[in-house]
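Each remark here refers to the structure printed beneath this line.
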Number of protein chains: 2
Amino acid sequence: MYPLAIVTEYDGTAFVGFQIQSNGRSVQEVLNGALSKLYKTEINITGCSRTDSGVHARGHVSSLNVPFYIPEEKIPLAVNQFLPDDVCVRKAFYTKEGFSARFDSLGKRYIYRIYTGDVRSPLHARYSYFTSYRPDMDLMREAASVMVGEHDFAAFCASGSSAVTTVRKINSVDVRYSPCDPDLIEIEVIGEAFLYNMVRIMAGTILYAGIGKISKEDIKDALTSPSRAKTGKTLPPQGLTLEEVYYGDDIRAQS
Amino acid sequence: MYPLAIVTEYDGTAFVGFQIQSNGRSVQEVLNGALSKLYKTEINITGCSRTDSGVHARGHVSSLNVPFYIPEEKIPLAVNQFLPDDVCVRKAFYTKEGFSARFDSLGKRYIYRIYTGDVRSPLHARYSYFTSYRPDMDLMREAASVMVGEHDFAAFCASGSSAVTTVRKINSVDVRYSPCDPDLIEIEVIGEAFLYNMVRIMAGTILYAGIGKISKEDIKDALTSPSRAKTGKTLPPQGLTLEEVYYGDDIRAQS
């Protein structure tokens, strides 16, 4: 068996999320099906993370074992012929024995997109959240800066999470206008690991800061004496995209 | 009656095009329905142009007459409450008596988007055409420059067109990388008026030039002794967006 990693892109609109669920079409199930066809045996991939229903990914990573060798640069097209339009394998590479896309991840980069035009935009609706507010960029950036570092993010976690600790380290939170459209705001979050719904609650809290509903001090308080009531609302899934997952340089197979 | 102009944005994926058709859901029909609800009488709009099934618009313009006065800045939200997610009114303004969105148009700006990544992109698929070629930007720009000016564009027109003359004036054709993604190429075409499928055939011809299938001289020849066989293929509709329509400064109602 050859240990392999695949980088996948998907439009999350018509999926129940990455992980296999009994109640609908998951990315994992669709990828397992295509890979099993290609390799003519049952393949079960392990994803770097679940993503919620409706969340998109440009660089989700999964690990798997495959029964025979195909040159890695030929794998994406070979798998993609068996995949529907809303998911594809962008890249594949052989990894070291025992590699886990989930446990070997060093960090992830997400972007949450907020459209702030005068009216909702049909051409942005699929990949952003629309607000009729005009949030203040400086206030949003101030709020974002408070979140950087190692904190107890319990106030930024949906209930029902089974995480052992709610302490997480956030490397950076960047709030900027999208190069695609001046009415589109991007909140880019880079961190080691995330709690359930954490990025969507961070985005909601940053947005609330931008419209004056929450202050920088409120956020500091939510990080020191956590309560979900102290943070902003969970913004909807379609604004969120998992852009990239980070791994060490040592995960490539030695040739 | 008050003459009004509305600027609309739509995702063309689920429409048969702008114009009312017997065989499916059109933008015009959906807009007529919403406006008729708002104004409590039958409203029939005139579009600046038909767009084909699957073509998008960010700034399509229509003209209509409305039976009572609503401040123009309040019209978009008032209409949008009756519209589905894939279409909206971005702006409305009162115009002079007799204004026609179609006949008073001075020109239009379209962008055709081509995605040139290593594999097809689920996150770009809805609004671009994917090619596995890597077209040469200089060759594409050379081809584009040949099309600028007043020419007989008969070779850039789908058969079945009923246009009296096939002479059209193109003001500019710009070929560039999208600010959104370095693998996305934008072909921006500004012209006074267009033949049926003209922008999609221009884009197909520019792409063919970029991959060496057609030379600059071939395009010059197609413009001087026209034949559809001399130009590139008609690229598919989802890559095309009507971005903007131009009118003179005199179309606003005098207040």
Side-chain angles (χ1 to χ4, degrees), chain A residues 6-15 27 30-31 55-60 72-81 83-92 111 113 115 117-128 130 132 177-184 186 238 240-243, chain B residues 6-15 27 30-31 55-60 72-81 83-92 111 113 115 117-128 130 132 177-184 186 238 240-243:
Chain A
I6 55 172
V7 182
T8 59
E9 175 178 329
Y10 49 87
D11 178 318
T13 312
F15 288 107
V27 178
V30 166
L31 284 168
V55 170
H56 314 290
R58 207 179 312 272
H60 188 280
E72 59 185 30
E73 68 279 9
K74 295 199 187 283
I75 295 174
L77 284 179
V79 186
N80 289 344
Q81 62 178 321
L83 286 171
D85 285 350
D86 52 358
V87 54
C88 80
V89 174
R90 289 181 61 180
K91 207 174 138 179
I111 296 181
R113 292 178 173 84
Y115 182 73
D118 289 331
V119 295
R120 64 179 173 78
S121 164
L123 291 172
H124 282 298
R126 203 171 173 94
Y127 306 114
S128 66
F130 169 64
S132 53
Y177 292 110
S178 164
C180 306
D181 191 314
D183 286 327
L184 195 65
E186 295 182 348
Q238 81 277 2
L240 186 62
T241 303
L242 170 55
E243 295 284 343
Chain B
I6 56 173
V7 181
T8 59
E9 175 177 330
Y10 50 86
D11 178 317
T13 311
F15 288 107
V27 178
V30 166
L31 284 169
V55 170
H56 314 289
R58 208 178 310 272
H60 188 281
E72 59 186 31
E73 68 278 11
K74 296 199 186 282
I75 294 174
L77 284 180
V79 185
N80 289 344
Q81 61 179 321
L83 286 171
D85 286 350
D86 54 355
V87 53
C88 80
V89 174
R90 290 181 60 179
K91 208 175 138 178
I111 296 181
R113 292 177 173 84
Y115 182 74
D118 289 331
V119 295
R120 64 179 173 77
S121 164
L123 291 173
H124 282 298
R126 203 171 172 94
Y127 305 114
S128 65
F130 168 64
S132 53
Y177 292 109
S178 164
C180 306
D181 191 315
D183 287 326
L184 195 64
E186 295 183 347
Q238 81 277 2
L240 186 62
T241 303
L242 170 55
E243 296 284 342

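Every heavy atom of this structure was used, including side-chain atoms; hydrogens, water molecules and symmetry mates were not.
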Problem - Test item: A:L83 and B:R120 side chains (from C-beta on) under 4.5 Å apart, heavy atoms - result: yes
Handout entry: Most contacts with chain A, counted as non-hydrogen pairs under 4.5 angstrom, among B:A125, B:S121, B:A57, B:S178
Key = B:S121
Handout entry: Any side-chain heavy-atom pair of B:R90 and A:D118 under 4.5 Å
Key = no
Handout entry: Atom pair CG/CD of A:L123 and B:E243 - distance to nearest 0.5 Å
Key = 8.0 Å
Practice task
Would you mind telling me which of A:D86, A:L77, A:V119 has the largest number of heavy-atom pairs within less than 4.5 Å of chain B?
Solution key: A:V119
Handout entry: Toward chain B: residues of residues 6-14 of chain A with heavy atoms under 4.5 Å
Key = A:E9, A:Y10, A:D11
Practice task
Taking all non-hydrogen atoms of both residues into account, name the closest pair between A:P122 and B:C88 and its distance.
Solution key: CD-SG, 3.4 Å
Handout entry: B:R126 versus chain A, the contacting section by heavy-atom distance below 4.5 Å
Key = side chain
Exercise for the section: Go through the structure and list residues passing ring pair (Phe, Tyr, Trp, His ring centres under 6.0 Å) with A:F130, not counting sequence neighbours. Expected result: none
